[in-house]
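Input: a single structure, listed below in structure tokens.
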Amino acid sequence: MHGNIYIYNTLSLSKELFKPINKDRVLMYVCGITAYDLSHIGHARAYITFDVIYRYLTKLGYKVIYVRNFTDIDDKIIKKANEENSSVEKISSKYIGEYQKDMNALNVLTPSYEPKATETINEMISLTSGLIEKGNAYESNGDVFFRVNSFEGYGKLSHKNIGELIAGSRIPVNEEKENFLDFALWKKSKENEPSWDSPWGKGRPGWHIECSAMSMKFLGESIDIHGGGSDLIFPHHENEIAQSESYTGKKFVNYWIHNGFVNINSEKMSKSLKNFVTVRDALDKFHPEVLRLFFMFTHYRSFIDFSFEGVESARQSLIRLYQAVNLYGEFKLLINKNGITVKDGNPLAAGSVGALAAENIENYKNDFYNSMNDDFNTAKAISVIFDLVRKTNKIINDSMAQNVIILKDLAFLDDAASFIKESLSGIFGLLNEDPGRFIELNLMNLKAANVKADGGVSIGEEEIKKLIDERNLFRKNKEYASADEIRKTLLEKGIILEDTGFGTTYKITGTK
RNA sequence: GGCGGCAUAGCCAAGCGGUAAGGCAGAGGUCUGCAAAACCUCUAUACCUCGGUUCAAUUCCGAGUGCCGCCUCCA
């Protein structure tokens with residue numbers, strides 16, 4: 001364990017010391033998707049946010065039981081099924097599948113449980129019955145509504161005043177309801193809609209009741225963390241509290257965590273504005289780790305503007321991280337080949353090899369964990385990693401220049417490398433690719449982006465290699481004019497040459 | 001109208017009482033025949049405005065301005 005965690009709780013609008021109900025275990029529930037369409041990057045941000053929280057708490061040693069549900073019965077799904085002449089079951093299972101593909105691609109870990117609403121109907125019915133018995137709900141012509149006035153704490157999460165809500169309402173009054181704020185726990189089903197038998201006739205569950213039912217079924221009556229997008233605060237989460245606490249008489253959730261929204265070019269992302277970006281589209285243009293890093297550069301509660309420039313910036317940053325890992329790998333290889341002398345002893349003169357030997361990896365670790373403990377401040381935690389990267393790059397460069405490294409620096413380097421790996425990979429879900437391959441692919445993309453990816457290349461690998469050999473012969477003989485001529489010829493065919501310490505490599509950029 | 005949030009360098013973004021993290025871009029340098037890549041170094045003297053509290057405010061309080069979200073399905 002690394003210190004105390006403080007979490008911003010929507011209930012109190014402030015950061016609170018995190019104390020799980022059971023000190024070794026965390027019960028966490030996150031509202032999942034309604035399966036009727038492809039997921040967009042807003043979903044990606046939400047689930048990456050909670051993925052990092054899940055990974056981090058697990059890393060700290062907590063046994064985290066994480067539930068993330070699927071809403072597979074709902075008005076929108078029914079509408080979509082009708083439009084496509086399909087069935088609710090087919091539509092929901094299709095989009096659940098698509099969602100899982102997206103989450104896997106984004107390296108979002110699978111929660112402990114992923115229940116579907118339709119698998120929890122019995123629990124919802126008994127919850128609803130119980131609420132009627134207690135006087136917190138009433139049946140009205142086949143529908144069952146929650147009586148908002150029966151729950152004293154209504155509004156405590158969204159910090160709303162019920163009286164003002166009524167005053168400001170423009171919603172047409174539903175005649176079946178006693179009060180316009182009352183919300184449906186059970187809906188009488190219409191013709192050709194999926195339905196289940198209930199004490200109130202055939203019907204289907206309302207939306208809010210499912211999360212209470214699933215949360216209680218898998219995690220119990222009181223849990224530690226409940227999360228979701230900030231748009232769910234009202235009315236969804238407010239309603240969950242009302243029905244759950246009325247039913248159990250216990251506090252439903254101790255810490256409410258809500259992530260901020262994703263905007264597109266400073267505008268709210270919405271279907272009516274047609275500025276939706278699906279996860280699919282984003283992954284088409286960017287590596288999943290780039291997207292993860294992009295989100296983690298901003299605190300999870302802030303809104304984030306999704307722009308090409310922003311993600312591009314994150315991509316360059318990720319390359320820098322991979323370059324550092326790569327540099328370290330090459331350096332270790334050099335040491336193994338005895339290209340660098342490892343010597344014991346004290347740091348040499350200030351400013352040269354060993355001047356950094358006093359660095360202690362623990363300082364960086366503490367900074368990192370303190371940042372994460374402060375309401376999961378990934379942006380700050382990442383800055384610590386970048387500091388470390390600069391430090392290790394410098395040590396390696398200095399050592400390579402003098403072909404010598406002292407033991408203390410080497411030890412620091414090894415510790416730093418494993419810490420970078422464990423934090424970025426384990427907690428942030430990054431750096432899971434082979435560094436060399438990642439760098440090559442991404443630098444290639446960078447160039448290709450300026451030319452058009454489909455540029456025709458009218459030259460084979462054999463010929464390229466032959467020309468490279470010819471050119472290197474010219475270079476060896478210092479006949480640079482001829483050497484440059486070959487480079488130019490290849491460039492015209494869409495091939496860029498790069499002379500590295502390991503020989504000449506080439507990249508295909510296309511010619512258009 | 002009610003509730004909540006945000007305003008920090010060219011761009012993005014942390015910090016939130018003791019004098020400005022990090023990333024991208026940019027500029028120098030190292031390396032290289034040249035180039036590319038990489039690495040290093042540098043890059044904020046009114047932190048939206050005006051008041052107030054304080055020895056000290058970007059950081060707290062008040063007012064203002066400008067954005068944004070929720071109040072209706074929504075991650």
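Letters A, B, ... mirror the listed sequences (proteins, then strands); counts begin at 1. What's counted below: heavy atoms across the whole structure, side chains too, no hydrogens, waters or symmetry copies.
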Taking atom types as they are modelled, would you say the side chain of A/Arg301 forms a donor-acceptor pair with the base of B/G69 within the 3.5 Å cutoff? no
Give a yes or no on whether a donor-acceptor pair under 3.5 Å exists between the nucleobase atoms of B/A13, that is its base, and the side chain of A/His299. no
In whole angstrom, what separates [X]'s [atom1] from [N]'s [atom2]?
{"X": "A/Leu318", "N": "B/G22", "atom1": "CG", "atom2": "C1'", "result": "15 Å"}
{"X": "A/Arg475", "N": "B/G33", "atom1": "CZ", "atom2": "P", "result": "7 Å"}
{"X": "A/Ile264", "N": "B/A75", "atom1": "CD1", "atom2": "P", "result": "15 Å"}
{"X": "A/Lys187", "N": "B/C73", "atom1": "NZ", "atom2": "P", "result": "9 Å"}
{"X": "A/Glu312", "N": "B/C24", "atom1": "CD", "atom2": "P", "result": "11 Å"}
{"X": "A/His159", "N": "B/G69", "atom1": "NE2", "atom2": "C1'", "result": "15 Å"}
{"X": "A/Asn377", "N": "B/A13", "atom1": "CG", "atom2": "P", "result": "14 Å"}
{"X": "A/Leu327", "N": "B/C31", "atom1": "CG", "atom2": "P", "result": "17 Å"}

Identified side-chain hydrogen bond (donor to acceptor under 3.5 Å, both in side chains) partner of A/Asp375 from the options A/Tyr6, A/Tyr300, A/Tyr8: A/Tyr300
With A/Glu193, which of A/Lys188, A/Lys187, A/Arg204 fulfils side-chain hydrogen bond (donor to acceptor under 3.5 Å, both in side chains)? A/Arg204
From C-beta outward on [X], which listed nucleotide comes closest to its side chain: [options]?
{"X": "A/Arg390", "options": "B/U41, B/A75, B/C73", "answer": "B/U41"}
{"X": "A/Lys160", "options": "B/C39, B/C34, B/C71", "answer": "B/C71"}
{"X": "A/Arg320", "options": "B/C40, B/G22, B/A75", "answer": "B/C40"}
{"X": "A/Ser383", "options": "B/G22, B/A75, B/G33", "answer": "B/G22"}
{"X": "A/Asn393", "options": "B/C39, B/C34, B/A14", "answer": "B/C39"}
{"X": "A/Phe234", "options": "B/C70, B/C40, B/A21", "answer": "B/C70"}
{"X": "A/Gln316", "options": "B/U41, B/G4, B/C24", "answer": "B/C24"}
{"X": "A/Phe386", "options": "B/G33, B/G22, B/A75", "answer": "B/G22"}
{"X": "A/Gln323", "options": "B/A75, B/A38, B/A35", "answer": "B/A38"}
{"X": "A/Lys76", "options": "B/C73, B/A14, B/C39", "answer": "B/C73"}

Find which nucleotide of RNA chain B each of A/Gly229 and A/Asp484 is nearest to by heavy atoms, and output the residue with the more 5' nucleotide. A/Asp484
Want to settle it: does A/Asn397 or A/Ser302 sit nearer the 5' end of RNA chain B, counting the closest nucleotide to each? A/Ser302
Relative to the ring of A/Phe294, is the ring of A/Phe306 parallel (under 30°), tilted (30 to 60°) or perpendicular (over 60°)? perpendicular
Across all strands shown, which nucleotide pairs with [N] by Watson-Crick or G-U wobble geometry, both distances under 3.5 Å?
{"N": "B/C67", "answer": "B/G5"}
{"N": "B/U54", "answer": "none"}
{"N": "B/U59", "answer": "none"}
{"N": "B/C47", "answer": "none"}
{"N": "B/U41", "answer": "B/A27"}
{"N": "B/C73", "answer": "none"}

Considering every strand and a 4.0 Å limit on heavy-atom distances, what is the contact class for [X]: base, sugar-phosphate, or nothing?
{"X": "A/Ser158", "answer": "sugar-phosphate"}
{"X": "A/Ser371", "answer": "nothing"}
{"X": "A/Tyr480", "answer": "base"}
{"X": "A/Asp387", "answer": "sugar-phosphate"}
{"X": "A/Gly42", "answer": "base"}
{"X": "A/Ile233", "answer": "nothing"}
{"X": "A/Thr298", "answer": "sugar-phosphate"}
{"X": "A/Val262", "answer": "base"}
{"X": "A/Gly260", "answer": "base"}

Can you confirm whether A/Asn179 sits close enough to A/Val148 that some side-chain heavy atom of one is under 4.5 Å from a side-chain heavy atom of the other? no
Counting C-beta onward and ignoring hydrogens, is there a side-chain heavy-atom pair between A/Lys80 and A/Tyr95 closer than 4.5 Å? yes
What heavy-atom pair brings A/Ala44 and A/Val279 nearest, and what distance separates the two atoms? CB-CG2, 3.9 Å
Atom [atom1], compared across [N] and [M]: separation rounded to whole Å:
{"N": "B/U8", "M": "B/C60", "atom1": "P", "result": "15 Å"}
{"N": "B/C71", "M": "B/U54", "atom1": "P", "result": "43 Å"}
{"N": "B/C6", "M": "B/A13", "atom1": "C1'", "result": "13 Å"}
{"N": "B/U43", "M": "B/C24", "atom1": "C1'", "result": "13 Å"}
{"N": "B/G17", "M": "B/C47", "atom1": "C1'", "result": "14 Å"}
{"N": "B/U65", "M": "B/C73", "atom1": "C1'", "result": "34 Å"}
{"N": "B/A14", "M": "B/A9", "atom1": "C1'", "result": "14 Å"}
{"N": "B/A21", "M": "B/C42", "atom1": "P", "result": "12 Å"}

Any donor-acceptor pair under 3.5 Å linking the side-chain atoms of [Y] with those of [X]?
{"X": "A/Ser371", "Y": "A/Asn377", "answer": "no"}
{"X": "A/Thr71", "Y": "A/Asp74", "answer": "no"}
{"X": "A/Tyr66", "Y": "A/Glu114", "answer": "no"}

Quick check, does A/Phe261 stack with B/A75? I mean ring centres under 5.5 Å and planes off by under 30°. yes
